Structures are given as structure tokens and as C-alpha cells.
There are 2 protein chains.
Amino acid sequence: MSQEHSDLRRQQILGAARRCFVREGFHQTSMADIFAESGLSAGSVYGYFKSKNDIIGAIAGDVVAEIVRLLEPIMAAEPLPTWEEAIERGLVSASQVAFGDEGFGRLAPQVWAEAMRDEALRDVLGERYRRIHELIAGLVAAEQRAGRIAADRDPVDVAKVLLSVVVGYMLQRLLLGDIEPVVYARALSALARPGD
Amino acid sequence: MSQEHSDLRRQQILGAARRCFVREGFHQTSMADIFAESGLSAGSVYGYFKSKNDIIGAIAGDVVAEIVRLLEPIMAAEPLPTWEEAIERGLVSASQVAFGDEGFGRLAPQVWAEAMRDEALRDVLGERYRRIHELIAGLVAAEQRAGRIAADRDPVDVAKVLLSVVVGYMLQRLLLGDIEPVVYARALSALARPGD
DNA sequence: TTGTAAAGAAGGAACGTCCGTTTTACGGTT
DNA sequence: AACCGTAAAACGGACGTTCCTTCTTTACAA
């Protein structure tokens, strides 16, 4: 049995774990739940992951990686969108991630909470988020050259603000569930262009 | 011994629980931890709270209530601040809440995560957040009358965006720890006033 | 081609620990 | 003496993990 089969099994386990975590949360999910959902036995699962924390770590990493995967094509599109267009596309993606079948977005708050007390995970997340900052900062720099963002700010700082807007949207959507991406984007433009 | 003493004891327990939760998280904290931290015994604690979930619920409610308490004076100050001034003050407050002695802010991600899978808590939070939205919306409406925010948007929608900016700041501050309120506020103004 | 032995993957019962909660006995106050 | 709140031991159950068995696959020899 080879690498290929082994990877497949890992994915089988992670997929099952993700579904359980979405339903019940990291710490309300028992290993028995994961065994049942994956259709595998205890011994088998422990052959691929050395502990429950190991599985949680893998899932948490995937969640942020997924966000990077979604943002990448938006921030590097040809032709480059304006920052307002990019945000709106980001909001739509966030909305899909939050409510899509896989429910990755529903895990985000748990991942944040976990990272608050797990330094290793916080480091992983920190690296990924820095990647996201740079991704957005590239667009910000272009917008600064185009005169649509004040040029004397650090693009990364502006990127952090833009990321906040998307993250804040996702959180409010998840918890309160009463915002449409388009409406939200238009409200944002009310701040950026008071005269419009 | 009456109401007064009873309330005091409740506070004593909640304070201890909060310190434990900040250190270890809701689900990694055992009741024994809370007994030890509060200096009370099991029977005693269970005389005031009927379960661990009860304690978590009370703490979670307090966390959001604390946010309301901080935002209220900012959004209703005399004279009314501009929205940019208000945001900056909000960021400073968020920073204090996140890193202050009581560490209330450090519980926020956990509260969100908990609310994702507990409908009752989600309802409580929903109500509190609606209060926050209205608080901010009051300021937004004033700013719309002053011409600093486009007038044809729903003030509550704009309020949601502003809240995102603060919440997103707090989250990035907690997880990555590399943002100062003033720098962040100035980056925000780069979007609102590209010419500045 | 077939039988066999070795290796490794999967299964599932078993284990020790820990946890939330309850109950019972004690001590102080009125 | 009675009552109420507190302390601390005890309990039932659940949990993460391990360990030993069983089954499947594969390689090689007859």
C-alpha cells in the first residue's frame, strides 16, 4: 500500500472530522464520532494521526489555506480590480465559504479560539495571514498608484483594514445572518465616497 | 445573608471562571479549576450555578455586554464625534479590552465559536449586537446629515461595516498582535479620503 | 499456477483517567 | 436546638488512547 492510498485515507479522515467539527465543535466531537463518520476504526485512525489535537491542527490549517486559495485569484485578476470591486468579490466568496456545503467558514471562529491558546497553531496562522496581507497589499499598492488610495500609507496596513472588512462581514453573517454582500459593499462605499 | 451577599458570591465565581477561561478556554477548564480559583467548593458553586454551561453562558453574555458598555459613551459623546474619530476611539477601547487585566477581549473568539453551536447563546448575542448596531447607526445618521457619509444608505448597514472594522482589528490584534490603533485608523482614512 | 509466509493495515474491545454533578456530613449562626 | 450554607468525598459515565487480534495484500518458491 502506497503513498497514494495513505493520502486518500488521510483525506477520508479529515473530511469526516471536518463534518463532525462543523456540527459539534472541536471539543464536543469525540474520537468515537470521527470513527463513526469516517467508517474507520480507532486503531486505523490512530495509524494516520497521532492524536485528536493532530487532527484539529490539520483542519485548522486547511481552513486558513482555503481562504488564501479563494483570495488569490481575486487579488491577482487580470485586469486588476479596484479595491472596492475586489472587496465585493471577497464578500461573495466569504459568503459562499460560510454557507457552502463544506462549511469551512463555520469553523473559522473555532480556529481563532483555538489559536488563542495554542502557540504552534497561532504561528501557523500568523504565517498564513501574513501571506494574505501581502496578497491584498499588492492590490492596495496598485490602487495607490492609481490615486484611489492615499499613497503615503503602508500598503500592508491598508490591507489589514480591508481584511477586517471581509472577516467582520463573515463573522456577522455567521452569527446574525442578516447581511447581503452587495448591500454591505454598498454601505462600505458610503464611507469611501460620501458624495456618491 | 441575602441578595447582596448572594450577588457577591456569584461575582466571585464568575471572576474566577473568567480568569480560568482566559487561560485555558471554556472546554479545557474543568469545574475543579473553577473551584480552586474561586476558593469555593463544588457544592457551593453548584448552589449558585446549575451547570458549567450556565457559567459559560453568563460569561459569554458579560463579554458582549462589556463591549456595549465601552461603545455607548463613544457613540453618544457630546459633541458627537465624526465617524473616523469614533472608530479610532473604538479601536483604542478594543485594544484595551483585548489586552487589559481582565482579558475580556481574549474570550471573544471563544464566545463566537460557542454561539455557532448554541442557539440560545446566539439569540442573546444577536440581541446585544443589534443594540450595538443601533448605537453606531445613530452616529452614522448624524454623519449622513453632515454629508460625511452618503445619505442614501441604511444607517444600520453602514454601522455593520464600521463594527466589522473594529471587530476585525481586535481579532488581528489578538492573533497576530502587530497593529497599533492609530496606524490602523490612519490606514482606514486612506480609503475614505484618497486625496489626503 | 498455486500455496505459503511475511508485512502491514484495519478492527474493536479494554484501560485508566478525568470530569461534571450529586450527596452526605460538618460547622457556624441565630 | 434548628437551620442554612459550605466542604469534601464519591459516583457514574464518557473520553482519548492503546493493544492485541484478524484480515488483506503481496512477494516468492515450488
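Being a predicted model, the structure only gives us computed values, none of them experimental. Values reported hereafter were calculated over all heavy atoms of this structure, with side chains retained and with hydrogens, waters and symmetry mates removed. In the text below, chain A, chain B and the rest are named by the order of the sequence lines, each starting its count at 1.
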Rounding to an integer number of Å, can you tell me how far [X] [atom1] sits from [N] [atom2]?
X       : N      : atom1 : atom2 : answer
B:Arg9  : D:dA7  : CZ    : C1'   : 12 Å
A:Phe49 : C:dA10 : CZ    : P     : 13 Å
B:Leu40 : D:dC4  : CG    : P     : 20 Å

Task: Side-chain donor-acceptor pair present, A:Asp7, A:Gln11, cut-off under 3.5 Å - done: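 A:Asp7 vs A:Gln11: no donor-acceptor pair found between side chains.
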Open item on the list: Under 3.5 Å, is there a donor on one side chain and an acceptor on the other for B:His27 and B:Gln110?
Closed with: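 Result is no, nothing qualifies.
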Task: Distance below 4.0 Å between A:Ser41 side-chain N/O and C:dG11 OP1 or OP2 - done: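 Yes, such a contact exists.
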- [ ] Check the hydrophobic clustering (I, L, V, M, F, W, Y; side-chain heavy atoms under 4.5 Å; chains of links allowed) and say if A:Leu176 and A:Leu188 are grouped together.
- [x]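 Yes, A:Leu176 and A:Leu188 fall within the same hydrophobic cluster.
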Task: Other residues, nucleotides, ligands: >12 heavy atoms within 6.0 Å of A:Glu127 CD - done: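 At most 12 heavy atoms, drawn from other residues, nucleotides or ligands, come within 6.0 Å of this atom.
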- [ ] Flag yes if more than 12 heavy atoms outside A:Glu72 fall under 6.0 Å of its CD atom; otherwise flag no.
- [x]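 Count over threshold, so yes.
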Open item on the list: Tell me which one of A:Asp54, A:Ile13, A:Leu40, A:Ile55 satisfies side chain to side chain contact (heavy atoms under 4.5 Å, CB included) with A:Tyr48.
Closed with: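 Of the listed residues A:Asp54, A:Ile13, A:Leu40, A:Ile55, the side chain to side chain contact (heavy atoms under 4.5 Å, CB included) partner of A:Tyr48 is A:Ile13.
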- [ ] Determine, for nucleotides 17-30 of chain C in 5'-to-3' order, which nucleotides have protein heavy atoms under 4.0 Å from the base (write B), from only the sugar-phosphate (write S), or from neither (write -).
- [x] --SSBBB-------
